[in-house]
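To start, the structure under review is shown below, and the notes come after it.
Lettering of chains follows the sequences in order, A, B, ..., and the numbering in each one begins at 1. Values below: all heavy atoms of this structure, side chains included; hydrogens, waters and symmetry mates excluded.
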Number of protein chains: 2
Amino acid sequence: MAGRSHVTLEDVARTAQVSLATASRALNGAASVGQELRARVLAAAEELAYAPNVHARVLAGSAQPTVGVICHDVSDPYFATIARGVMRVAGQNDLLVMLASTFRDPAKEIAYVSMLRAQRASAILLIGSAFEDRAWERALAAEIEPYQRAGGQVAVVSRHRGLRVDSVQPDNRAGAAALGRALLALGHRRFAVLAGPRDLTTVVDRIDGFRDALADAGVALAEADVVEAGFTRDGGHEAMRELLARKSGATCVFAVTDVMAIGAMTAARSAGVRVPDDMSLAGFDDISVVRDLTPALTTVSLPLEELGEHAMNLAIRADRGKRSRVVRVNGEVVLRASTAAPRH
Amino acid sequence: MAGRSHVTLEDVARTAQVSLATASRALNGAASVGQELRARVLAAAEELAYAPNVHARVLAGSAQPTVGVICHDVSDPYFATIARGVMRVAGQNDLLVMLASTFRDPAKEIAYVSMLRAQRASAILLIGSAFEDRAWERALAAEIEPYQRAGGQVAVVSRHRGLRVDSVQPDNRAGAAALGRALLALGHRRFAVLAGPRDLTTVVDRIDGFRDALADAGVALAEADVVEAGFTRDGGHEAMRELLARKSGATCVFAVTDVMAIGAMTAARSAGVRVPDDMSLAGFDDISVVRDLTPALTTVSLPLEELGEHAMNLAIRADRGKRSRVVRVNGEVVLRASTAAPRH
DNA sequence: CTGAAAGCGCTTACAG
DNA sequence: CTGAAAGCGCTTACAG
């Protein structure tokens, strides 16, 4: 911070007429300081509006009360909700959270980890799907491993191959498969998928789980029925337009995230396609706003805030054991008005 | 951070066979270091996976590259979108953002400012409406003022009375008034307002602006037609249920935020009240998802990301002048399908 | 261009 | 219970 000087512990000590050591102890609540002196120190600190310098504190050996959280985009409801869970637990433990958005730039993710290492953050949380890219994985590991070696805690939400870290893993495959079975049970036989980029593990897992469930029922999902677009609301909108242009004949569409499904639903409406009358639509995640859509969205419900809480708890309750811990979280299919039996 | 020791500059210097000073200069890109030595230092740092200790750096006089952002709740789309703007500008300037959620606890807001002071954050951004509470205002000022005196930058989004800080001010009053006029022009004469807690300045300003516009047209807004509830989606839901139970006779409802309007719309639907056929509904903010509602929501559009960008820019481009700067941002009424002329 | 040394603001053995 | 002093890991005048 540029600018004029701060009030220091020395100022407080001088004002209270005690030594630096005593001032430090009084402020940190050491039991060994006498009533009289403690009162003087507290009064002086108050009077001078003293704010201890965390940098000096950490450098002198105190624990650093900050944790870093890296996600793709804070404004995405999926991340925002997970972040909410993270911050609640952090707040309960008097931890300050540094939140970074990578905007899906792999290089930025690495740069942030590096900055958090430099900060000596006590823990780093990586929220969101990894990139399927060997070089990137190695570069990330090159930051993470020295950090862990120096005692840093790392936890991730969603899979991160090639990293020995504690993780919270939503079972994307099983959730998507369960959704597939539920949609089959409704009577659908012609499906399409609106997907995000295939270099995200989450995308791949959800497509695979869905495809497998269909295959088990003897229903094929052709490559032509998978439309790839951005992992955003606008991506979903675009993908749905593309799908409709292809005249795929699908009676039921699975968007791999709710956020994409929201865009898809609006695109369908704009094109005069009624959901679910003309076409059923389902998403994944159960972000809170999907209850308020018309029709309300069928989806696979993930306990998003809990995901964040679990991750933060893994990081806080460090386990010095050898193996990395995994918290598996299951999704639950929630059928709402956006899906119905196909018309004949 | 607990645990084993970190690689330090001294390790790098020893490995590169240079002095501490030279290692430091080489790593910080000082032009004065010779090619040969610079290369050795860089190689050593790379080999040892050296991450400089920010705390030591800041203590020794470097600028601290972190800014603190305090908002009510990251998972609220209004804040999340503003935060997105903040983080974009921060990212462009190689600043790390520490984001805190107060969950609307005034005491927590003060505690966070205090922690950010201790961190020597180069700037603090306060996003969101202030609390109308004298004691709280004083306590906040008691943290903010010493921070500024020591050179810290502060910027706020939305009004913060009693603080001499740079600010970005959405014109809530004028926006609500413009909305009121637009709804009057549609032919409505009986209005109701779904409001958040009155101790938030944003709530008061929006109600007042709306009420004034109606008054100018000779239309009264009775206190009984203002329903107060939580400043959330569920608050909006509850407020609408309450309003319908009161059988107010309003043909048009203004929810003071889009988030509340979303809950209100679902409540109306559940009660069999059709929007806009039976009742028009409007919000405020223009968070992105309101385009995807059915019907799409009429609202006052605020350039949310820009709000965040402006705030961050104010904080970065410090102006050592006497007066605090104000960036005023106007809202624009956007009429969508959720409002229509009243039926007779 | 390079290095030895002081200093940033704390905490914490070590004495007393 | 209290204090003098070392040390945390850097940066930056100050010499050379």
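Where DNA chain C meets chain B (any atom under 4.0 Å from a heavy atom), the bounding nucleotides read 5' to 3' are dC1(C) to dG9(C).
Along DNA chain C, the nucleotide closest to Ser24(A) and the one closest to Leu37(B) are compared, and the more 5′ of them pairs with Leu37(B). Positionally, the nearest nucleotide of DNA chain C for Thr22(B) lies more toward the 5' end than for the other of Glu10(A) and Thr22(B). Nearest-nucleotide mapping onto DNA chain D: of Ala56(A) and Arg57(B), the residue sitting toward the 5' end is Ala56(A).
Among the atoms of the strands shown, only primed sugar atoms or phosphate atoms (P, OP1, OP2) are found under 4.0 Å from some heavy atom of Thr8(A). At the heavy-atom level, Gly61(B) lies nowhere under 4.0 Å from the strands shown. Heavy atoms of Val33(A) sit under 4.0 angstrom from primed sugar atoms or phosphate atoms, though from no base atom.
Base pairing in DNA chain D gives the following stems of 3 or more Watson-Crick or G-U pairs, range against range and under 3.5 Å: C:1-3 with D:14-16, C:5-12 with D:5-12, C:14-16 with D:1-3.
At least one donor-acceptor pair under 3.5 Å links the side chain of Thr15(B) to the backbone N or O of Asp11(B).
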- Mind running side-chain contact (heavy atoms from CB on, under 4.5 Å) on Leu99(A) and Val74(B) for me, showing each step along the way? CA-CA 10 Å; Leu99(A) 188 57; Val74(B) 245; 4.2 Å; yes

- Show the numbers, then the answer: is there a side-chain contact (heavy atoms from CB on, under 4.5 Å) between Ile124(B) and Val113(B)? CA-CA 8 Å; Ile124(B) 296 178; Val113(B) 172; 4.1 Å; yes

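For Ser24(A), the side chain to side chain contact (heavy atoms under 4.5 Å, CB included) criterion is met by Leu9(A), Asn28(A), not counting sequence neighbours.
Applying the side chain to side chain donor-acceptor pair (under 3.5 Å) test to every pair with at least one member in residues 29-39 of chain A, sequence neighbours left out, gives these pairs: Glu36(A)-Arg40(A). Within the structure, side chain to side chain donor-acceptor pair (under 3.5 Å) contacts touching residues 90-112 of chain B (residues at least two apart or in different chains) are His72(B)-Thr102(B).
The distance from the CG atom of Asp76(A) to the CZ atom of Phe231(A) is 8.0 Å, given to the nearest 0.5 Å.
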Side-chain donor-acceptor pairs under 3.5 Å in residues 309-318 of chain A, sequence neighbours left out?
| residue | atom | partner | partner atom | Å |
| --- | --- | --- | --- | --- |
| Glu309(A) | OE2 | Arg88(A) | NH1 | 3.0 |
| His310(A) | ND1 | Glu306(A) | O | 3.3 |
| Asn313(A) | ND2 | Glu309(A) | O | 3.2 |

